[in-house]
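Right, one structure below, let's go through it.
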Amino acid sequence: MLRIHFSPQDWERLRVVSKPDPLWEIVLSLYMLGAASDELVFGQWRQKVLSRMAPQTRMLLDVVPPEGYSPDFLSPLVGGENPEDGIAAVLDTPRWRIVEDLDLRFGDGRRPSWTVALARKDSVAVRALGRSMRTYFDMALQPYWGYISQVAERSATSIGDAAQGPVAPILRLRDQRSVRRAPRTTVVVAYGNDQELDLRGRGLVLVPAFFCAVNPVTFHDPSLPPVLLYPVGHKPMSFLTRAAQGTGPTEEVLRRLFGRTRALVLRTLRDSVRTTGEIARTLDISPASASEHASLLRAAGLVASERCGNTVKHRLTPLGLEFLYQAV
């Protein structure tokens, strides 16, 4: 549990921002790559990113493990949506901070050689870290940043109305006059481990986090500016599919490629797995026709089929999703 200690000044300085933070999203998405959680939402993205990560980018996986501590200096809260500002702040981190954070990350264990050089603030290692972060952001996050921002802004807009959720205990108390006047109020929030956060009049910034899996996240070092990243919540389907909705081929293009009915079969499988009978009923065609169209799409590698008892279920393959939504 995370115990956050508020004073009256902290309630006055409580702030909810509407934009995701690029550097925090880099770190949280790296956790998501290793943790293999929320497979339905992030599995397609995870598979794509891992297959495209260049060796120079995989160095980030050395410092951000699948779980546990990652260096605080990798996620400076500088504001704005330009990752260059945050990356510049990371590269400008004082040497003592880098040393302390890397000691916490690796302890007495074996360290990758480049992190040893980074602890010395060797210019080659520093530049390599910057290039790795830029390359990773451009490949893994930038193509979807518009959608990531939309989801974050929606979450921030509705957060005040949320009766439930990870930061609900804070929101329920923030407008209570008796609480705001109390010398000290402690709010307990679900967290990955036991930690204390004494705000000491500095206030608290609540930031929506797209790649935050379940519980909120904050800095390990309580002396750093108080910030709490909270999960935005995702509908149970691939976020790549949702991000690409409305950007795929038009009906006319699909018809010219496949013919009208086959194009409609492909569209029908866009959001869910369907049986042959369900496809037939949805499109008002015979089961035999639905089976033939699904068979041809399967032969093209766009649809996968699986027999379940007396029925056959069909779904789009990753290639089918790529084609239908022109995912990048």
Side-chain angles (χ1 to χ4, degrees), residues 20 22 24-55 57-58 60-62 64-68 70 135-152 154-155 165-166 192 208-217 229-249 265-275 278 294 297-298 300-308 312-328:
W24 273 105
E25 295 296 346
I26 286 176
V27 171
L28 293 171
S29 67
L30 287 166
Y31 273 117
M32 190 64 70
L33 280 180
S37 60
D38 291 336
E39 187 67 19
L40 187 61
V41 176
F42 295 104
Q44 187 187 3
W45 168 85
R46 185 182 293 115
Q47 181 182 31
K48 177 180 290 189
V49 171
L50 288 173
S51 68
R52 296 182 180 181
M53 284 186 80
T57 306
R58 288 183 176 271
L60 295 174
L61 298 176
D62 292 336
V64 181
E67 60 182 17
S70 67
T135 302
Y136 176 80
F137 184 87
D138 290 343
M139 180 270 294
L141 302 184
Q142 183 63 61
Y144 321 108
W145 193 252
Y147 177 74
I148 290 170
S149 296
Q150 286 180 1
V151 172
R154 244 188 342 258
S155 177
F210 187 87
F211 284 96
C212 197
V214 179
N215 295 322
V217 176
L229 285 290
Y230 65 90
V232 299
H234 297 278
K235 292 188 177 181
M237 65 184 294
S238 168
F239 92 79
L240 295 193
T241 299
R242 292 185 60 80
Q245 283 179 345
T247 66
V265 171
L266 203 61
R267 288 285 193 194
T268 299
L269 297 174
R270 178 179 60 185
D271 296 329
S272 63
V273 175
R274 293 180 183 269
T275 65
E278 289 171 336
L297 290 170
R298 184 170 60 251
L302 302 177
V303 166
S305 303
E306 179 182 9
R307 177 166 291 281
C308 299
V312 178
K313 293 184 177 181
H314 310 282
R315 60 175 175 81
L316 290 181
T317 64
L319 178 62
L321 285 167
E322 286 275 348
F323 175 79
L324 188 57
Y325 295 109
Q326 294 179 344
V328 293

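Computed from a prediction, not measured in an experiment: that's the story for all the values here. This chain uses plain numbering: 1 for the first residue, then up along the sequence.
- Inter-residue side-chain proximity for Leu240 and Lys48 is flagged as met; some heavy-atom pair is nearer than 4.5 Å.
- Between Cys212 and Asn215, the shortest heavy-atom distance links the atoms SG-O, 3.0 Å.
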One pair to check against side chain to side chain contact (heavy atoms under 4.5 Å, CB included): Val273 and Glu306. What are the steps and the verdict? CA-CA 10 Å; Val273 175; Glu306 179 182 9; over 6 Å; no

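- Here Thr135 pairs with Gln56 under the side chain to side chain donor-acceptor pair (under 3.5 Å) rule; sequence neighbours left out.
- Taking the six-membered ring where tryptophan is involved, the planes of Phe239 and Tyr147 are essentially parallel, since the angle between them stays under 30° and well short of 60°.
- For the residue pair Tyr230 and Ser155, the shortest heavy atom distance occurs at CE1-OG, 3.3 Å.
- Every residue was checked against the salt bridge (Lys or Arg N to Asp or Glu O under 4.0 Å) condition with Arg274, not counting sequence neighbours, and none meets it.
- Rounding to the nearest 0.5 Å gives a distance of 11.5 Å between CG of Leu28 and CZ of Phe210.
- Leu297 places none of its side-chain heavy atoms less than 4.5 Å from the side chain of His314.
- Annotation: the span from Phe211 atom CZ to Met32 atom CE amounts to 7.0 Å, rounded to 0.5 Å.
- Residues satisfying the side chain to side chain donor-acceptor pair (under 3.5 Å) criterion with Asp62, sequence neighbours excluded, are Trp114.
- The two residues Ser238 and Gln44 make their nearest non-hydrogen contact at OG-OE1, 2.6 Å.
- Screening residues 28-43 for salt bridge (Lys or Arg N to Asp or Glu O under 4.0 Å) gives Glu39-Arg46 as the qualifying pairs, with residues at least two apart or on separate chains.
- Side-chain contact check for Val312 versus Thr275: every heavy-atom pair is 4.5 Å or farther apart.
- Residues satisfying the side chain to side chain donor-acceptor pair (under 3.5 Å) test with Gln142, not counting sequence neighbours, are none.
- The minimum heavy-atom distance linking Leu33 with Leu61 is given by the pair CD1-CD2, 4.4 Å.
- Summarising the geometry of Lys313 relative to Cys308, their closest heavy-atom pair is CD-SG, 4.0 Å, with the distance given to 0.1 Å.
- Remark: Ser70 engages Tyr31 in a side chain to side chain donor-acceptor pair (under 3.5 Å) (not counting sequence neighbours).
- Rounding to the nearest 0.5 Å gives a distance of 10.5 Å between CZ of Arg52 and CD of Gln47.
- Atom CG in Leu40 sits 11.5 Å away from atom NE2 in His234 (nearest 0.5 Å).
- Between Phe137 atom CZ and Leu141 atom CG the span is 5.5 Å, to the nearest 0.5 Å.
- Trp45 places a side-chain N or O within donor-acceptor distance of the main-chain N or O of Ala140, the cut-off being under 3.5 Å.
- For the atom pair CG (Leu269) and CD (Glu278), the distance works out to 10.0 Å, reported to the nearest 0.5 Å.
- At least one side-chain heavy atom of Pro22 sits under 4.5 Å from a side-chain heavy atom of Trp145.
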